[in-house]
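No experiment lies behind these values; they were computed from the predicted model shown. Worth knowing before you read on, the calculation uses all heavy atoms, side chains too, and leaves out hydrogens, waters and symmetry mates.
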Amino acid sequence: MKKWLGRIGFALLVLVLATFIALATWEPFWAKRDDIALPDRAYTAEISRDEFGVPHIYGKTDADVAYGVAIAHSEDDFFTLQDVVAMSRGRYGAIAGQDGAAFDYAYHLLDARGTAEKSYPRLPEDTRALFDAYATGLNDYALQHPDEVKLGNLFPVDGVDVAAGFALRQPFFFGLGDIIGPLVDGKELRPEHGPAIPPSSREATPAPDAVEVIRDDEVAPPRQTKARPLPWGEDGALAGSNAFAVMPEKSGGPTILVSNSHQPWRGGVAWYELVVESDEGWHYAGANFPGSPFPFLGHNEHLGWTNTVNTPDMVDIYKLVMNDDGTQYRIGDQWRDLEKQTVTLPVKLGPITLPIRRTIYRSVHGPVIKNDKGYFAVRYGGMGNLGQLDAYYRLNKATDLDEFQSILARMDIPSTNFIYGDKDGNIAFIYNAALPDRAKGYDWRKILPGDDPRAIWSGPVPYQSLPKYVNPASGWLYNANNAPYTAAGEGSDLSPDDFAPELGVELKQTNRSRRAWKLMSEAELLDRATLEKIKYDTAYEREGYVARLWDDLAALDLSDDAELARARDMLMNWDFTANNVGEADALALLMIREFMASSYQNKPWPDVREELAKQVAHLKDHFGRIDPPMSELLRLRQGDVDLPLDGGSDTLRASTLWDVDDDGRLSVRHGDSFIQWVEWLPGQRVSSRSIQPFGAATTRPASPHYTDQATLFVQHRLKPVHFWREDVLANSASRKVVTHSR
C-alpha cells in the first residue's frame with residue numbers, strides 16, 4: 001500500500017512539475033509564427049547624435065531613414081518598444097500580467113489585427129515601404145541584442161504588426177477606454193462631453209431606460225503608477241496639451257509655433273525626439289511615440305504643426321435586441337447572427353503564464369460587450385480606417401497650407417486638434433476629428449436603440465463641417481484642450497451656435513484655456529519674451545471648477561477643527577499662483593488635483609471637507625507642517641536626479657499627474673513633456689528649440705542622456721534643435737552608419 005501511495009505521490013509530483021513547465025513555457029511556442037513577410041531589401045542609415053543624444057537620422061531613401069529610426073529608438077528605449085510590439089500582437093499580458101491582458105482584450109475586441117491586415121495592402125507602396133523598413137530595424141536590433149528581449153518569439157515582426165499597433169491605439173486618444181472599461185464591468189457610464197441634444201430635435205423613442213447614462217459612484221480611479229503603452233486610465237483621461245501660433249504682424253517678426261504637449265513621461269505614449277532627413281525630400285524635426293516610423297508633430301523647412309487632445313463625442317453605444325438564446329440580434333425587422341470568436345489571453349502570474357479564454361462578439365454596429373444588463377455594441381469615429389499611416393507621412397512632407405489641409409481633409413486622422421504655422425506667415429487651427437455623420441432625431445449622448453437601422457451612421461462628416469481658423473484678425477491662436485470656440489480672442493472666435501449638437505463638439509474649458517485667452521488678449525505684442533511668460537504661467541483663474549472649490553471651502557463649517565480651519569484660511573488668502581512662493585502653494589496644489597479631474601472627466605464632485613482633511617494629513621505626516629514650500633513637495637525625479645518643479649495640474653506650466661513616493665513627495669509623471677519652439681523669420685531659414693523632462697534615453701540609467709535635460713527643463717530653458725545638415729555635422733557628438741543587407 002505504501003508503495004502505491006508513494007507511486008501516486010510521485011506521479012502527482014511529476015504531473016504538477018509538467019504542468020508548471022507547460023505553463024511557464026507554452027506562450028512563446030503558441031505565439032511563434034511563420035508568416036512574417038518582409039521585402040528582400042537592403043537599408044543604410046546614418047545616425048548622428050548631438051550633445052543631448054537626440055538622433056538625426058539620414059538616409060538616401062525614406063525607407064532607409066525609417067530603418068534608422070527603429071535602430072536609434074531601440075538604442076534609447078528598447079524596453080518600451082517591446083511593450084508596444086507585444087501590445088500590437090495581443091501578447092502584452094505575457095509581460096504585464098492581468099493589466100496587460102486588459103490591453104490584449106481590447107486588441108481582440110477592436111479587431112486591431114484584422115483592421116491592419118485589411119488596410120495595409122491598400123496603403124501606397126512608399127508608405128508600406130516605410131513600415132516594412134521600420135519593422136526590419138526592430139528585428140535587427142532584437143537579433144543583435146538577444147539579452148534585452150523580454151518575451152520569446154516576440155520578434156521578428158513585419159509592417160502589418162506595426163500597423164496593428166496604430167489600429168489599437170488611435171481610438172483610445174478620444175476616450176474609448178473610458179467606455180469599454182465600465183461596459184465590461186457592467187457599471188454606468190459617465191456623461192459625454194458633447195453638447196446636450198435639444199428635446200425638440202429628438203424622436204419620441206427614448207434610449208433604453210435600463211441603461212441610461214448617469215454618473216457612477218466612483219470618487220476617484222485607482223492610483224496608477226505603471227507606464228502604459230496606450231492612453232489608459234487616469235493618464236489617458238487627463239491627457240492634455242497647450243499650443244500657440246502667432247503671425248508675424250503680432251509677434252513683431254517671425255511666425256511662431258509653440259508645441260507644448262502634456263503626455264506621460266514614460267511608456268508607450270511618451271515623446272521621443274528625433275530629426276529625419278532623406279534625399280527623397282523627407283526632412284522633419286519633431287517627436288514620435290514608440291512604434292512609429294515618423295514624427296507625429298514638429299516642423300519641416302516650410303511648415304509645422306502641433307497637436308492637442310480634443311474630446312468630442314466620437315463613440316456611440318447601442319443596446320442590442322437579442323433573441324432568447326443570445327445568438328441573434330434584430331435590425332429593423334430582420335434577425336442577424338451575432339459574430340462570436342474565442343480568443344486566448346496570456347496572463348503572466350509570477351513564473352507562469354496562464355491561458356485565459358474569452359469570447360469576443362461583433363455586430364454590424366461594431367464590437368459588442370456582454371454584461372449583466374445585456375449586449376452593447378460600440379461604434380466610433382475612424383473605426384476600420386488606417387489611413388493615418390499614410391496621412392502623417394504626407395503631412396511630414398507637405399510644403400504649404402493648401403497641401404496640409406488637403407491631407408487633413410481626407411479625414412484619415414480620427415481625432416486631435418492641429419495648430420499650424422508656416423514660413424509664409426500663415427497660422428491655422430483645425431478641430432480635426434472624424435465626427436460621425438449622425439442623423440437628427442436621436443439623443444446621441446445616451447444609449448441608442450440597437451434595432452434601429454437609421455441610428456447606424458456610415459462615416460464622418462465632411463472636412464468643411466469642422467470648426468477651423470485660418471489667419472484670424474487677432475493674429476494669434478491657441479488651444480489648451482478647451483472647446484474650439486475660444487481660440488483667437490474676442491471678435492475672432494467662432495460661435496458654438498454655428499455647429500449642430502449632433503457633431504458632439506465638446507463645450508469644455510480648462511484653467512489653461514482661461515489663462516491663455518486672457519493673457520494673449522491683453523498682450524499688445526506677442527514676441528518671444530511675452531509668449532514665454534504665457535507658456536510658463538503658473539496661475540489659476542477663479543472661474544469654473546476652481547471658483548466652485550473655493551466657494552465650497554468658504555462655506556465649510558470648521559468650528560470643530562482648528563487645524564482644518566487654519567488650512568482653509570491659508571487657502572482663502574492664496575494668490576492662485578503655483579510658483580513655489582506662497583505658504584499655501586503646496587496645500588493648494590494637492591487640493592486642486594481631484595477637482596480638476598472631476599471637471600475633466602465628468603466625475604462626481606469630491607467631498608471638499610474630506611479632501612481638505614486628507615491633504616492636511618498628508619502634509620502633516622510627511623513634512624510636520626501644513627505650509628511646506630511647494631518646491632519640497634513637487635519633484636522631478638529619475639535615478640539620482642531630484643529637482644523642484646513648479647506649476648500645477650491645470651496651469652500653463654503643467655505638472656499634471658504624479659506618484660506619491662514613500663517620503664510623501666510628489667514625483668511628477670505627466671505634464672509638460674516635449675516642448676518645441678519654432679520660428680520662421682521673413683527671408684530666413686526655420687529655426688527651433690526644444691526640451692524634454694528627462695533625456696533621450698529614459699530607460700537607460702547608464703546612458704549620459706538618461707536625465708541630462710532635466711536641469712534645463714526645471715529652469716524653463718530650451719536647447720537648440722539641429723535641423724540643417726551643416727548644423728548637425730558641426731554639433732555631432734557621435735556618428736555611425738547602420739545597415740541591413742539582403
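For the side-chain hydrogen bond (donor to acceptor under 3.5 Å, both in side chains) criterion with Thr306, the lone passing option out of Ser241, Ser259, Ser261 is Ser259. The only member of Trp680, Phe429, Phe244, Phe404 that meets ring-ring contact (aromatic ring centres under 6.0 Å, His included) when paired with Tyr420 is Phe404. Paired with Leu303 under the rule side-chain contact (heavy atoms from CB on, under 4.5 Å), one option of Leu395, Thr399, Thr255, Asp422 passes, and it is Asp422. Results of the ring-ring contact (aromatic ring centres under 6.0 Å, His included) test with Phe294 over Tyr284, Phe131, Tyr272 single out Phe131 as the only residue that passes.
Taking a 6.0 Å sphere around CD of Glu726, one finds it holds more than 12 heavy atoms contributed by other residues, nucleotides or ligands. Remark: Gln144 CD is packed, more than 12 non-hydrogen atoms of other residues, nucleotides or ligands lying under 6.0 Å away.
With respect to the salt-bridge test (charged N to carboxylate O, under 4.0 angstrom), the residues Arg725 and Glu46 qualify. The pair Arg49-Asp76 meets the salt-bridge criterion, with a side-chain N (NZ, NE, NH1 or NH2) lying under 4.0 Å from an Asp/Glu carboxylate O. A salt bridge links Asp126 with Arg394: the distance from a Lys NZ or Arg NE/NH1/NH2 to an Asp or Glu carboxylate oxygen falls below 4.0 Å. Electrostatic pairing of Arg685 and Glu301 does not count as a salt bridge here, judged by no charged N lying under 4.0 Å from a carboxylate O. Between Lys535 and Asp672 there is a salt bridge, since a side-chain N of the basic residue sits under 4.0 Å from a carboxylate O of the acidic one. Salt bridge Asp390/Arg410: present, at least one basic N to carboxylate O contact under 4.0 Å.
Glu148 and Tyr141 form a side-chain donor-acceptor contact under 3.5 Å, judged by distance and modelled atom types alone. Counting only N and O atoms by type, the side chains of Asp50 and Asn731 include no donor and acceptor under 3.5 Å apart. Between the side chains of Asp62 and Ser278, at least one donor N or O sits under 3.5 Å from an acceptor N or O. At a cut-off of 3.5 Å, with distance as the only test, a side-chain donor of Asp77 or Thr699 sits close to an acceptor on the other residue. Checked by atom type, the side-chain pair Thr416/Asn432 shows no donor-acceptor distance below 3.5 Å. Residues Asp412 and Asn385 bring a donor and an acceptor atom of their side chains to less than 3.5 Å of each other. Residues Glu273 and Ser690 bring a donor and an acceptor atom of their side chains to less than 3.5 Å of each other. There is no side-chain donor-acceptor pair under 3.5 Å between Asn479 and Tyr431. Judged by distance alone, the side chains of Asn139 and Thr136 never bring a donor and an acceptor atom under 3.5 Å apart. A donor-acceptor contact closer than 3.5 angstrom links the side chains of Tyr67 and Asp140. With 3.5 Å as the limit, one finds no donor-acceptor pair spanning the side chains of Asp83 and Thr80.
Between Tyr392 and Phe296, the ring-plane angle classifies as perpendicular under the 30° and 60° cut-offs. Using bins of under 30°, 30° to 60° and over 60° for the plane-to-plane angle, the ring pair Phe674/Trp271 lands in the tilted bin.
One distance of note links CD of Gln692 with CD of Gln676; it measures 10.5 Å at 0.5 Å rounding. Residue Ile407 holds its CD1 atom at 14.5 Å from CE of Met411, rounded to the nearest 0.5 Å. With rounding to the nearest 0.5 angstrom, the CZ atom of Arg689 is 11.5 Å from the CG atom of Leu712. Rounding to the nearest 0.5 Å gives a distance of 11.5 Å between CZ of Arg122 and CZ of Arg128.
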Next on the checklist: Let's go through Leu176 and Leu110 carefully: what are the C-alpha distance in whole Å and the side-chain angles of both, what is the deciding distance for side chain to side chain contact (heavy atoms under 4.5 Å, CB included) to 0.1 Å, and is it a yes or a no?
Outcome noted: CA-CA 11 Å; Leu176 185 61; Leu110 304 186; 3.8 Å; yes
Item to check | Test side chain to side chain donor-acceptor pair (under 3.5 Å) applied to Asn481 and Thr308, step by step | outcome: CA-CA 6 Å; Asn481 310 117; Thr308 60; 4.6 Å; no
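Here the side chain of Ser292 pairs no donor or acceptor atom with the backbone of Asn288 at under 3.5 angstrom. Remark: the backbone N or O of Leu38 is not paired with any side-chain donor or acceptor of Asp132 at under 3.5 angstrom. The closest donor-acceptor contact from the side chain of Ser88 to the backbone of Val84 lies under 3.5 Å. In this structure, the side chain of Ser732 does not engage the main chain of Val728 through any donor-acceptor pair within 3.5 Å. Within the 3.5 Å criterion, the main-chain N or O of Leu466 finds a donor-acceptor partner in the side chain of Lys468.
Every residue two or more places apart in sequence or in another chain was checked for a ring-ring contact (aromatic ring centres under 6.0 Å, His included) with Trp677, and none qualifies. Glu277 pairs by the side chain to side chain donor-acceptor pair (under 3.5 Å) definition with His56, not counting sequence neighbours. Annotation: salt bridge (charged side-chain N to carboxylate O under 4.0 Å, His left out) contacts of Glu51 (sequence neighbours excluded): none. Residues satisfying the ring-ring contact (aromatic ring centres under 6.0 Å, His included) criterion with Phe723, sequence neighbours excluded, are His283, His299. With sequence neighbours left out, the ring-ring contact (aromatic ring centres under 6.0 Å, His included) criterion links Tyr393 to Trp282.
Considering every non-hydrogen atom in both Leu345 and Arg358, the closest pair reads CD1-CG, 3.7 Å. A pairwise comparison of heavy atoms in Pro290 and Gly268 identifies CD-O, 3.4 Å as the closest pair. Between Trp265 and Gly671, the shortest heavy-atom contact is NE1-N, 3.5 Å. Closest approach of Val678 to Val686, counting heavy atoms only: CG1-CG2, 3.5 Å.
Annotation: cation-pi geometry not satisfied between Arg169 and Phe289 (NZ/CZ under 6.0 angstrom from ring centroid, within 45° of ring axis). Note that Lys150 lies in the cation-pi zone of Phe79, set by a 6.0 Å cut-off to the ring centre and a 45° limit from the axis. The cationic atom of Lys719 (NZ for Lys, CZ for Arg) does not lie both less than 6.0 Å from the six-membered ring centre of Phe713 and within 45° of the ring axis.
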Distance-only donor-acceptor pairs under 3.5 Å for side chains of residues 151-159, two or more places apart:
unit_1	atom_1	unit_2	atom_2	d
Asn153	ND2	Pro28	O	2.7
Asp158	OD1	Val160	N	3.2
Asp158	OD1	Asp161	N	3.0

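Not less than 6.0 angstrom separates the ring centroid of Phe694 from the ring centroid of Tyr706.
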